[in-house]
Amino acid sequence: METRVLPPDEEGIAAAAELIRRKATVAFPTETVYGLGADALSSRAVAQVFAAKERPRFDPVIVHVADPDEAAGLWTEVPPQARRLMDRFWPGPLTLVLPRRRRVPPIVTAGLPTVAVRMPSHPVALALLRAAGRPIAAPSANRFGRLSPTHHDDVLAQLRGRIHAVVAGGPTPVGIESTVVSLVEDPPVVLRPGGTPYEALREVIPNLRLAPPAGPSASPGTLPRHYVPAIPLYILEGEAFAGGETVDRAQCGLLAYREAGAGFGRVEVLSPTGNLVEAAARFFAALHRLEGAGVAAIVAEPVPEVGLGIAIMDRLRRAASGRAHVQGRRVVWTR
Ligand code: TXA
Ligand code: MG
């Protein structure tokens, strides 16, 4: 199929909405990453999203809504904690998991009795939701397990010819996926750290827990290996370890937090001022560039695990094949 590239204006959004109503697949920008959308209440439409992404059917998708009332129409009830979280953080990068109504098809939830819902803040996403007049199921618009797209060019690189259209909205401002919170468990739990900081959520739900990293969990997007770049990635450690493989720095791309290291084949600095919001916004784009830089591997500096740093480190650990340390002009890595 030919993938249409639509402008992010009134006409382009109207065309995208018409495609959604006709059960086609449309990628669109949200404030976090691009989503690959389809009519959430149509199994046939959502099946095409799974096919385009080569996503396994056991991985449920997030349903996007235009307002909290539309969310309430997908859940069996809206408990007070959900109401408070929506009041404070919607529209924005927060996804809430609650028991689903029967009208949500099982393909959306991978057969789970719950459905994950969020109201995005990106003006193009909101305009599309309103014009389509129905909830839109949308996982990130990448092939399953690969890097999330933060620009429409990334979407086209992975999905051109496999989807009906993309709304070309340019770079996405937050850059990392939404925080997924399950309110089905008591106390509530963060299934996936993301664009809404854990600390801010705790102000509303003081007993909110973080799911143990990379463990088996109710959220399949938290598979231990996920967000993998096309070349191996190793997380840098300050201290040396025994064994491993030694290569010249020039063969490595460095994903640096604040300062560029010398002698690497390519360097991407996430935030010279140490701003984790800026680092998150640049994170996937930097990995995409390092992937394409012709280096043998990526070595990544850890970032502080506070605020959006929790989400960045979550993605880095899932992307990593192992760990590395720097030894003079060389890098040593091990799986
Ligand atoms: O920011 C985002 O959340 C982006 C944009 C497009 O909205 N979407 C996104 O979707 O990242 P996806 O499909 O790549 O990740 C959805 C996450 C996965 O970890 C999935 O397992 C989890 O949400 N999820 C979806 N439904 C769930 C449910 N009913 N229970 C538990 N986890 C669920
Ligand atoms: Mg994804």
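Read the numbers this way: they start at 1 and go in the same order the structure lists the ligands and their atoms. Computed from heavy atoms alone, side chains included, the values below leave out hydrogens, waters and symmetry copies.
- For ligand 1, the atoms sitting less than 4.0 Å from at least one non-hydrogen atom of P139 are 10 (O), 12 (P), 13 (O), numbered in the order shown with element in parentheses.
- The G35 neighbourhood of ligand 1 comprises atoms 6 (C), with distances under 4.0 Å to a heavy atom of that residue.
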Inset, instruction - I would like to know whether R318 and D314 meet salt bridge (charged side-chain N to carboxylate O under 4.0 Å, His left out); could you show each step before the answer? - result: CA-CA 6 Å; R318 290 178 212 292; D314 169 78; 2.4 Å; yes
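- With 3.5 Å as the limit, one finds no donor-acceptor pair spanning the side chains of E31 and T172.
- Shown in contact with L112 at under 4.0 Å from a heavy atom are these atoms of ligand 1, numbered in order with element: 28 (C), 29 (N), 30 (N).
- Looking at S178 and T95, their side chains do bring a donor and an acceptor atom within 3.5 Å of each other.
- Every atom of ligand 1 is numbered from 1 in the order shown, and the set under 4.0 Å from a heavy atom of L191 is 31 (C), 32 (N).
- Under 3.5 Å, the side chains of T25 and H164 contain a donor-acceptor pair of N or O atoms.
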Inset, instruction - For R55 and V49, run side chain to side chain contact (heavy atoms under 4.5 Å, CB included): C-alpha distance rounded to whole Å, both residues' side-chain angles, the deciding distance at 0.1 Å, then the answer. - result: CA-CA 8 Å; R55 183 180 175 108; V49 168; 5.9 Å; no
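- Not a single N, O or S atom of S148, from either the backbone or the side chain, sits less than 2.8 Å from the Mg ion (ligand 2).
- Side-chain contact check for N142 and S140: at least one donor-acceptor pair (N or O, by modelled atom type) lies under 3.5 Å.
- The shortest heavy-atom distance from R100 to ligand 1 is not under 4.0 Å.
- For the residue pair T196 / R88, no side-chain donor-acceptor distance below 3.5 Å is found, with atom types taken as modelled.
- Relative to atom 3 (O) of ligand 1, the option among P29, S178, S182, A138 with the closest non-hydrogen atom is S178.
- For ligand 1, the polar-atom distance check against T32 finds a nitrogen or oxygen pair separated by under 3.5 Å.
- Considering backbone and side-chain N/O of R192, one or more are found under 3.5 Å from N/O of ligand 1.
- By the 3.5 Å distance cut-off applied to N or O atoms, H64 is counted among the residues near ligand 1.
- Nearest-heavy-atom check against atom 23 (O) of ligand 1 across I62, V33, V189 picks out I62.
- For the pair R57 and F50, the cation-pi criterion (under 6.0 Å, within 45° of the ring axis) is fulfilled.
- Classified by interplanar angle (parallel below 30°, tilted 30° to 60°, perpendicular above 60°), the ring pair F241/H325 is perpendicular.
- Ligand 1 has an N or O atom lying under 3.5 Å from an N or O atom of R55, backbone or side chain.
- For ligand 1, the polar-atom distance check finds an N/O of D59 within less than 3.5 Å of one of the ligand's N/O atoms.
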